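Data first, discussion second: the structure below is written as structure tokens.
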Amino acid sequence: MEPVTRVGVTVTFLRMDARPPDPAPPLRDGLAVVRAEAPTVGFYRYLYDTVGADYCWWLRRTMPDRELGALLAHPHVAIHTLYGGGEPAGFFELDGRGWPDVNLSYFGLMPHAVGTGTGYAFLRAAVDEAWRRGPRGVTVNTCTADHPRALPTYLRAGFRPVRQVREVWSVPDRLGLRIPEGLKV
């Protein structure tokens, strides 16, 4: 059996049933969101691993390249990258495979962009992109391993909590993730 670290989190599932009535704030100068038309597995792993390193993002790290490549190639899955100064500053993933809802599967900033005042405007860009698809609703989830401002930012953007679930994850030690002591079970 593979060595694992048991991680306990509370997952909050959120939903938005209508487009936010207020206009999204603009991204600050020098930032732009670009859709990756055909993202490679390597580029996606760079985004996912870098953004999620401090937040125990592990599931996609265990996904085989072939399976991840098929997901990225699916016509209802879209990866958008936030660029600043010519380099990635964050990304989000929209998954419309559960139509008529669109799920904001992943959202986050690179470590150098955290705390710069970019998060809310970038989240609203993700929300607006999801609504451009014409869904019935937009869903997202966050957990206590995520950045402490994640849940308040989702609520500010117009998501409402639907339910909370306590989960215990078996995170493979081979991934080398930095797991905060407070999350270990």
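Sequential numbering from 1 along the given sequence is applied to the chain's residues. Just so you know, these numbers come straight off a predicted model, no measurement behind them.
The line from CZ of R61 to CG of D49 is 4.0 Å long, rounded to the nearest 0.5 Å. Taken from CZ in R133 to CG in L94, the straight-line distance is 5.0 Å, to the nearest 0.5 Å. Distance check, rounded to the nearest 0.5 Å: CE of M63 to CZ of R45 gives 8.0 Å. L123 contributes atom CG, which lies 13.0 Å from atom CZ of R149 (distance to the nearest 0.5 angstrom).
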Can you give each donor-acceptor pair under 3.5 Å made by side-chain atoms of residues 25-42, sequence neighbours left out, with the distance rounded to 0.1 Å?
{"residue": "R28", "atom": "NH1", "partner": "T116", "partner atom": "OG1", "Å": "3.4"}
{"residue": "R28", "atom": "NH1", "partner": "T118", "partner atom": "OG1", "Å": "2.4"}
{"residue": "T40", "atom": "OG1", "partner": "F43", "partner atom": "N", "Å": "3.1"}

List the atom pairs, with distances to 0.1 Å, where a side-chain N or O of residues 68-81 and a protein N or O form a donor-acceptor pair under 3.5 Å, not counting sequence neighbours.
{"residue": "H74", "atom": "ND1", "partner": "H76", "partner atom": "N", "Å": "3.0"}

Compile the donor-acceptor pairs under 3.5 Å between side chains in residues 102-114 and protein atoms, sequence neighbours left out, one pair per line.
{"residue": "N103", "atom": "OD1", "partner": "T139", "partner atom": "OG1", "Å": "2.8"}
{"residue": "N103", "atom": "ND2", "partner": "S105", "partner atom": "OG", "Å": "3.2"}

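Looking at T62 and L175, their side chains come closer than 4.5 Å, going by heavy atoms from C-beta outward.
Taking the six-membered ring for Trp and thresholds of 30 and 60 degrees, F159 and Y154 have ring planes more than 60 degrees apart, a perpendicular arrangement.
Evaluation of the salt bridge (Lys or Arg N to Asp or Glu O under 4.0 Å) test over residues 105-128, restricted to residues two or more places apart or in two chains, returns D22-R124, R124-D128. Sorted pairs that involve residues 104-121 and meet salt bridge (Lys or Arg N to Asp or Glu O under 4.0 Å), not counting sequence neighbours, are lacking altogether. Applying the salt bridge (Lys or Arg N to Asp or Glu O under 4.0 Å) rule to pairs touching residues 96-114 yields R15-D101, D95-R97, D101-R136, sequence neighbours excluded.
In this view, E87 satisfies the salt bridge (charged side-chain N to carboxylate O under 4.0 Å, His left out) rule with no residue, not counting sequence neighbours. Among residues two or more places apart in sequence or in another chain, the salt bridge (charged side-chain N to carboxylate O under 4.0 Å, His left out) test is passed with R60 by E93. Residues that satisfy the side chain to side chain contact (heavy atoms under 4.5 Å, CB included) test with L155, not counting sequence neighbours, are L14, L151, P161. The side chain to side chain contact (heavy atoms under 4.5 Å, CB included) search around S170 returns V4, R6, not counting sequence neighbours. R178 meets the salt bridge (charged side-chain N to carboxylate O under 4.0 Å, His left out) test with D54; sequence neighbours excluded.
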Show, in sequence, the C-alpha distance, side-chain angles and deciding distance for Q164 and F13, and conclude whether the side-chain contact (heavy atoms from CB on, under 4.5 Å) test is met. CA-CA 6 Å; Q164 285 189 324; F13 295 85; over 6 Å; no
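Checking E129 against W131 by side-chain atom types alone, no donor-acceptor pair falls below 3.5 Å. One side chain, W57 or D146, offers a donor N or O that lies under 3.5 Å from an acceptor on the other.
In this structure, G90 and V51 approach most closely via the heavy-atom pair CA-CG2, 4.4 Å. Between E2 and P172, the shortest heavy-atom distance links the atoms OE2-CB, 3.4 Å. Shortest non-hydrogen contact noted between A157 and P20 is O-CG, 3.7 Å. Residues V138 and A130 share a closest heavy-atom pair of CG2-CB, 3.8 Å. Here the closest heavy-atom approach between residue C143 and residue W169 is recorded as SG-CH2, 3.7 Å.
No donor-acceptor pair under 3.5 Å is formed between the side chain of T10 and the backbone N or O of R166.
One hydrophobic cluster holds both L177 and L59 under the rule that ILVMFWY side chains link at heavy-atom gaps under 4.5 Å. Hydrophobic clustering places V165 together with V9 (ILVMFWY residues linked when any side-chain heavy atoms are closer than 4.5 Å, directly or through intermediates). In terms of hydrophobic clustering, with Ile, Leu, Val, Met, Phe, Trp and Tyr side chains grouped at heavy-atom distances under 4.5 Å, V140 and Y120 are assigned to different clusters.
For F91 and Y48, the ring centers sit 6.0 Å or farther from each other.
Counting side-chain heavy-atom gaps under 4.5 Å among Ile, Leu, Val, Met, Phe, Trp and Tyr, the cluster of V168 also holds V185.
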